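Please read all numbers here as calculations on a predicted model, not as lab measurements. For the numbers below, each heavy atom of this structure counts, side chains included, while hydrogens, waters and symmetry mates do not.
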Amino acid sequence: MDFSQHICIVIPTYNNAGTLSLVVEKALKQQLPIVVVNDGSTDQTGTILSGYKDAVHIISYPVNQGKGYALQQAFKWAYEQGFEYAVTIDSDNQHNADNIPRFIEKLNEVGECMIMGERNMTQDGIPTKSNFGRKFSNFWFKVETWQKSNDTQTGFRLYPLKVVSRLHFFTKRFEFEIESLVRIAWENVPVVAVPVDVTYFSGEERVSHFRPFKDFTRISLLNTVLFICAYCFFLPRLLWKKAKRSNKIDFYNLFFSPHESNLKKSTSIGFGVFMGIIPVWGFQMLTATFLAALLRLNKILVLLASNISLPPLIPFIVFGSLWCGKWVLGTESVIEFSSKLTFQDVSGALFQYVIGSIVLAIVAGLLAFVTSYIILYLTRKENK
């Protein structure tokens, strides 16, 4: 499918009067609809844009709201006009609009996706702080989405507007580009890249509105929130959806496929069982999925195995934990459940339960590991 008829160009601008005309002229050569957002500029931006009122669509408002807000206004307008994708390009003349056909070619090749314009950060003139910020952002994107991108800070991007339209974003300044990227990835949209040219200006030629301390603090707080949301909800949900979509044959292949070693598969199952029993109430999925990613285990097997703590099994797990606690601590008796159960009974048995559940989790995890390994060893060859 040729998507070129469904794409527009978005140029957010704030006090970049010195380069705005150059950027707009280059963009016009691409023969695509263009929307420019004047984000409360106080320089000659308004005057310059008045000369393009017949060639581009202009969105303007008097008070600066932030780049994220400007992009969201453009996306809303573009989607209402029937566009399916928007290529964003900065107005400081760092990006080369002649690279836009690369985005269209990649979109035609891949289908629905988000495309990042990957800059060559090894070329001369790249500021050291830009390289650090890119690596910092790349790391957190991988942690929060389990996807890899080599340039998560680029402003040269192609957004899937249908996906964007159904999301409600909470940020409206520079950090919006991070939030939007992560949340689009959470929608199971592939994030791909195309190489793009970039020009960094020095001295007075370079106009930057990034406020190092304030904006970096906001980005750090955003990554903290995204990390918690990722491992408490979005990534477990994504894994569970993948598991639910699998049929019986898929589960069979998940366990017996030769793409992973017997050791890795059995370790994933044993670790999942362990995490399903360990007493980290309310954080079992969070901890299991994070550690599974950190240890490079099979995340779907870990998630499935951790569901050993399903409601029908909970009474047996509680009883087994209390019994193990009694055995380890040498207490007289396991707590008796009755209508006369008091708070003192429960609090007195809490320590017994916690110790017992840790022991039970270790034993059950080891048994699951050994059983899985034996089954795999007997039914297929070790993956080399």
Side-chain angles (χ1 to χ4, degrees), residues 106 110-116 118 133-154 157-160 163-164 166-167 169-171 175-194 219-246 250-251 253-255 257 259-261 263-276 280 283-307 383:
K106 177 64 74 170
V110 177
E112 185 178 65
C113 62
M114 180 162 185
I115 305 177
M116 310 295 289
E118 189 173 306
R134 179 181 62 90
K135 292 178 181 178
F136 177 85
S137 182
N138 292 350
F139 167 78
W140 281 111
F141 176 72
K142 186 174 182 179
V143 169
E144 292 158 1
T145 67
W146 297 342
Q147 293 193 47
K148 182 180 179 181
S149 178
N150 292 325
D151 193 357
T152 54
Q153 286 202 317
T154 178
R157 305 176 172 194
L158 181 143
Y159 285 85
V163 177
V164 170
R166 64 175 181 254
L167 297 175
F169 297 101
F170 302 98
T171 56
E175 65 272 20
F176 167 80
E177 291 184 310
I178 295 174
E179 182 193 357
S180 60
L181 176 60
V182 170
R183 294 186 61 190
I184 288 171
W186 284 348
E187 294 295 313
N188 206 24
V189 174
V191 177
V192 299
V194 294
I219 289 170
S220 297
L221 289 173
L222 172 64
N223 278 316
T224 300
V225 173
L226 291 175
F227 173 83
I228 294 172
C229 292
Y231 287 91
C232 282
F233 179 69
F234 288 102
L235 295 179
R237 183 192 67 168
L238 181 60
L239 285 176
W240 185 246
K241 281 185 175 180
K242 287 182 178 180
K244 285 181 70 176
R245 284 198 299 267
S246 300
D250 291 328
F251 281 119
N253 290 332
L254 180 66
F255 186 68
S257 65
H259 303 299
E260 292 175 324
S261 68
L263 180 61
K264 182 174 182 177
K265 285 179 177 289
S266 53
T267 301
S268 300
I269 293 171
F271 180 72
V273 170
F274 171 82
M275 289 306 307
V280 284
F283 297 94
Q284 287 169 313
M285 294 299 181
L286 164 67
T287 311
T289 49
F290 173 70
L291 292 178
L294 190 66
L295 298 173
R296 297 184 178 181
L297 299 176
N298 186 309
K299 295 182 283 291
I300 295 181
L301 284 178
V302 170
L303 183 65
L304 291 174
S306 67
N307 278 279
N383 181 45

(message) Pairing donors with acceptors under 3.5 angstrom, does anything connect the side chains of T171 and E179?
(response) yes
(request) Measure the acute angle between the ring planes of F176 and F169, then classify it against the limits of 30° and 60° as parallel, tilted or perpendicular. (result) perpendicular
(request) Kindly give the heavy-atom pair with the smallest separation between V189 and P160, and that separation in Å. (result) CG1-CG, 4.4 Å
(request) Report the distance from atom OG of S306 to atom CD1 of I269, rounding to the nearest 0.5 Å. (result) 12.0 Å
(message) Using side-chain heavy atoms (C-beta onward) and a distance below 4.5 Å, is W140 in contact with T152?
(response) no
(request) Locate the shortest heavy-atom distance separating N150 from R134; write the atom from each residue and the value. (result) O-NH1, 2.9 Å
(request) Sequence neighbours left out, what passes side-chain contact (heavy atoms from CB on, under 4.5 Å) with T145? Give chain and number order. (result) F141, Q147, V182, A185, W186
(request) Determine whether L181 and M116 make a side-chain contact, defined as any pair of heavy atoms from C-beta on separated by less than 4.5 Å. (result) yes
(request) Measure across T267 and L263 and return the closest heavy-atom pair with its distance rounded to 0.1 Å. (result) OG1-O, 2.6 Å
(request) Could you walk me through whether S180 and V164 pass the side chain to side chain contact (heavy atoms under 4.5 Å, CB included) test, one step at a time? (result) CA-CA 8 Å; S180 60; V164 170; over 6 Å; no
(request) Not counting sequence neighbours, which residues clear salt bridge (charged side-chain N to carboxylate O under 4.0 Å, His left out) with R166? List them please. (result) E187
(message) Looking at V302, is its backbone amide N or carbonyl O close enough to the side chain of S268 to form a donor-acceptor pair, meaning the two atoms are under 3.5 Å apart?
(response) no
(request) Kindly indicate whether the side chain of V225, heavy atoms from C-beta on, has any atom under 4.5 Å from the side chain of F170. (result) no
(message) If I compare all heavy atoms of E144 with all of A230, which pair ends up nearest, and what's the gap?
(response) O-CB, 3.5 Å
(request) Mind checking the NZ-CG spacing from K148 to N138? Nearest 0.5 Å is all I need. (result) 9.0 Å
(request) Check whether any side-chain N or O of K264 sits under 3.5 Å from a backbone N or O of R296 as a donor-acceptor pair, and report yes or no. (result) yes
(message) Could you check whether any side-chain heavy atom of R157 comes within less than 4.5 Å of a side-chain heavy atom of M114, counting everything from C-beta outward?
(response) yes
(request) Write down the atom of F271, the atom of A292, and the distance for their closest heavy-atom approach. (result) CE2-N, 4.3 Å
(request) Could you list the residues that satisfy side chain to side chain donor-acceptor pair (under 3.5 Å) with D151, not counting sequence neighbours? (result) R119
(message) On a heavy-atom basis, which atom in L158 and which in C113 lie closest, and how many Å separate them?
(response) CD2-O, 4.1 Å
(message) Working to the nearest 0.5 angstrom, can you tell me the gap between L297 CG and S266 OG?
(response) 10.0 Å
(request) Please assess L226 against I178 for the test side chain to side chain contact (heavy atoms under 4.5 Å, CB included), listing each intermediate value before the final yes or no. (result) CA-CA 10 Å; L226 291 175; I178 295 174; 4.3 Å; yes
